[in-house]
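Below is one structure, written out as structure tokens, with a few remarks after it.
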Protein chains: 2
Amino acid sequence: MCPCRDMLDLLANKWSALAIGALEDGPQRFGQLRRRLEGVSPKVLSQTLRRLEDHGMLTRTVYAEVPPRVEYELTDLGHSASVPLKDLRNWVEENVPRH
Amino acid sequence: MCPCRDMLDLLANKWSALAIGALEDGPQRFGQLRRRLEGVSPKVLSQTLRRLEDHGMLTRTVYAEVPPRVEYELTDLGHSASVPLKDLRNWVEENVPRH
DNA sequence: CGACACTAGTAACCAACGGGTACTATCGGA
DNA sequence: TCCGATAGTACCCGTTGGTTACTAGTGTCG
């Protein structure tokens, strides 16, 4: 109904939460993210990043090089959202019976 | 890979986050939840609640009455998870251009 | 007496998303 | 010449999300 549902739907999502977490350390390339988020397929990562970009959580910068280089970086909004997401990830890590 | 991914997948989900939020105020019946979480269909709410129950976030109590009465209540684990989820919902409410 | 409401779902069905694998172009290096 | 590296997309499929219709058993209203 209201736009906050869209935003919650975006952030309350496994790969979004993990991707934003990975980008907390600074800009990252596509392949770096792919390796850090173990288990994500390129298609899904691409979709996730695009949705985050559309909602203003990150920027995508293409460098016209070969091989191609694309960097993703959190916006201020993204950095701000990363705080509650980090708390959520921390809660999970603390409350799940370890491997 | 590790079980924390399952848990994150469970909690990082729109309806889960909203359902846990609604249950913060105390036990609720199915229909109450359905009305509070505007827009959720009975099937999806049922699925969501069952998944949360399976993961120990809430309890489901059936009263043998007519008409039927079923109450859902957060466990200690559920109450603990509700904290970071509430922070996330608050972030969304504060950072989304109002309706 | 018959119709309707209330409850907590389930059954059937469909669309959308999540996810996997294979494939592309381009260049440098062995 | 062939391989590797990069950032995706094309294609396909299964699971999930989602909608609507329907159930049973009783109480209430007309």
Side-chain angles (χ1 to χ4, degrees), chain A residues 1-23 26-55 57-73, chain B residues 1-23 26-55 57-73:
Chain A
M1 219 172 187
C2 93
C4 58
R5 289 294 174 91
D6 289 343
M7 189 59 95
L8 187 59
D9 215 9
L10 173 73
L11 295 180
N13 170 295
K14 184 175 60 165
W15 294 125
S16 293
L18 292 171
I20 289 178
L23 285 169
Q28 310 261 331
R29 305 177 57 172
F30 186 87
Q32 287 177 296
L33 288 170
R34 182 155 142 66
R35 283 184 289 272
R36 287 185 63 162
L37 277 57
E38 271 184 87
V40 70
S41 73
K43 196 196 76 170
V44 171
L45 180 56
S46 177
Q47 284 176 340
T48 302
L49 292 171
R50 186 150 314 158
R51 275 175 64 195
L52 289 170
E53 188 193 2
D54 290 344
H55 284 77
M57 308 297 289
L58 52 82
T59 58
R60 178 173 178 272
T61 311
V62 182
Y63 297 88
E65 303 174 359
V66 167
R69 186 159 67 100
V70 180
E71 280 194 345
Y72 295 89
E73 184 170 15
Chain B
M1 220 172 183
C2 94
C4 57
R5 289 293 173 90
D6 290 343
M7 188 60 94
L8 187 59
D9 216 7
L10 173 74
L11 295 180
N13 169 297
K14 183 175 60 166
W15 295 126
S16 293
L18 292 171
I20 290 179
L23 285 169
Q28 309 262 332
R29 305 177 56 173
F30 187 88
Q32 287 177 296
L33 288 170
R34 185 155 140 63
R35 282 184 290 273
R36 286 186 63 163
L37 277 56
E38 271 183 90
V40 70
S41 72
K43 194 195 77 167
V44 171
L45 180 56
S46 177
Q47 285 175 340
T48 301
L49 293 171
R50 188 152 311 159
R51 276 175 62 195
L52 290 171
E53 188 194 2
D54 290 345
H55 284 76
M57 308 297 289
L58 52 81
T59 57
R60 178 173 178 272
T61 311
V62 182
Y63 297 89
E65 303 175 356
V66 167
R69 183 158 69 99
V70 179
E71 280 194 345
Y72 295 89
E73 185 171 13

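Note that these values count all heavy atoms, side chains included, but never hydrogens, waters or copies made by symmetry. Throughout, a chain's letter reflects where its sequence line sits, starting with A, and its residues are numbered from 1.
With values rounded to the nearest 0.5 angstrom, B:Thr48 atom OG1 is found 13.0 Å from B:Met57 atom CE. Note: A:Leu49 CG to A:Leu45 CG = 4.5 Å, rounded to the nearest 0.5 Å. Distance check: A:Arg51 CZ to A:Asn13 CG gives 5.5 Å after rounding to the nearest 0.5 Å. Taking CG of A:Asp9 as the reference point, atom NZ of B:Lys14 lies at 4.0 Å (rounded to 0.5 Å).
Distance B:Glu38 CD to D:dG18 P: 15 Å, rounded to the nearest Å. For A:Trp15 and C:dC17, the CH2 to P distance is 18 Å, given to the nearest whole Å. Rounded to whole angstrom, the span from the CG atom of B:Asp9 across to the C1' atom of D:dT15 amounts to 12 Å. The distance between atom CD of B:Gln28 and atom C1' of C:dA8, rounded to the nearest whole Å, is 15 Å. If you take CG of B:Leu33 and C1' of C:dT7, they are 14 Å apart, rounded to a whole angstrom. Straight-line distance from the CG atom of B:Leu49 to the P atom of C:dT7: 16 Å, rounded to whole Å. Distance A:Gln47 CD to D:dA7 P: 18 Å, rounded to the nearest Å. In this structure, A:Leu45 places its CG atom 16 Å from P of C:dT21, rounding to the nearest Å.
Nearest to the side chain of A:Pro42, among C:dG19, D:dG18, C:dA22, sits C:dA22. Side-chain proximity of B:Pro67 to the nucleotides D:dG25, C:dG18, D:dA7 is greatest for D:dG25. The listed nucleotides are D:dA21, C:dT26, D:dT9; the one nearest the side chain of A:Val66 is C:dT26. The side chain of B:Lys43 lies closest to C:dC13, out of D:dT9, C:dC13, C:dT7.
A:Asn13 has no side-chain polar atom (N or O) that falls below the 4.0 Å cut-off from OP1 or OP2 of C:dC17. The side chain of A:Ser46 places an N or O atom within less than 4.0 Å of a non-bridging phosphate oxygen (OP1 or OP2) of D:dT9. The shortest distance between the side-chain N/O atoms of B:Arg69 and the OP1/OP2 oxygens of C:dG9 is not below 4.0 Å. Dashed line: the shortest gap from a side-chain N or O of B:Arg50 to OP1 or OP2 of C:dT10 is under 4.0 Å. Within the structure, a side-chain polar atom (N or O) of B:Arg29 is placed less than 4.0 Å from OP1 or OP2 of C:dA8. Taking 4.0 angstrom as the limit, A:Arg60 places a side-chain polar atom (N or O) nearer than this to OP1 or OP2 of D:dG8.
Counting any heavy atom pair closer than 4.0 Å across all strands shown, B:Ser41 reaches a base atom. Residue contacts for B:Tyr72: at a heavy-atom cut-off of 4.0 Å it reaches the sugar-phosphate backbone alone, with no base atom in range. At the heavy-atom level, A:Val70 lies under 4.0 Å from the strands shown only through sugar-phosphate atoms. Among the protein residues, A:Arg34 comes within range of no part of the nucleic acid, since none of its heavy atoms lies under 4.0 Å from any strand.
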After noting the C-alpha distance and the side-chain angles of B:Arg36 and B:Glu38, does the key distance pass the salt bridge (charged side-chain N to carboxylate O under 4.0 Å, His left out) rule?
CA-CA 5 Å; B:Arg36 286 186 63 163; B:Glu38 271 183 90; over 6 Å; no

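For B:Arg60 (side chain) and B:Glu71 (main-chain N/O), no donor-acceptor pair under 3.5 Å exists by modelled atom type.
For A:Phe30 and B:Gly39, each mapped to the nucleotide of DNA chain D holding its nearest heavy atom, the one lying further toward the 5' end belongs to A:Phe30.
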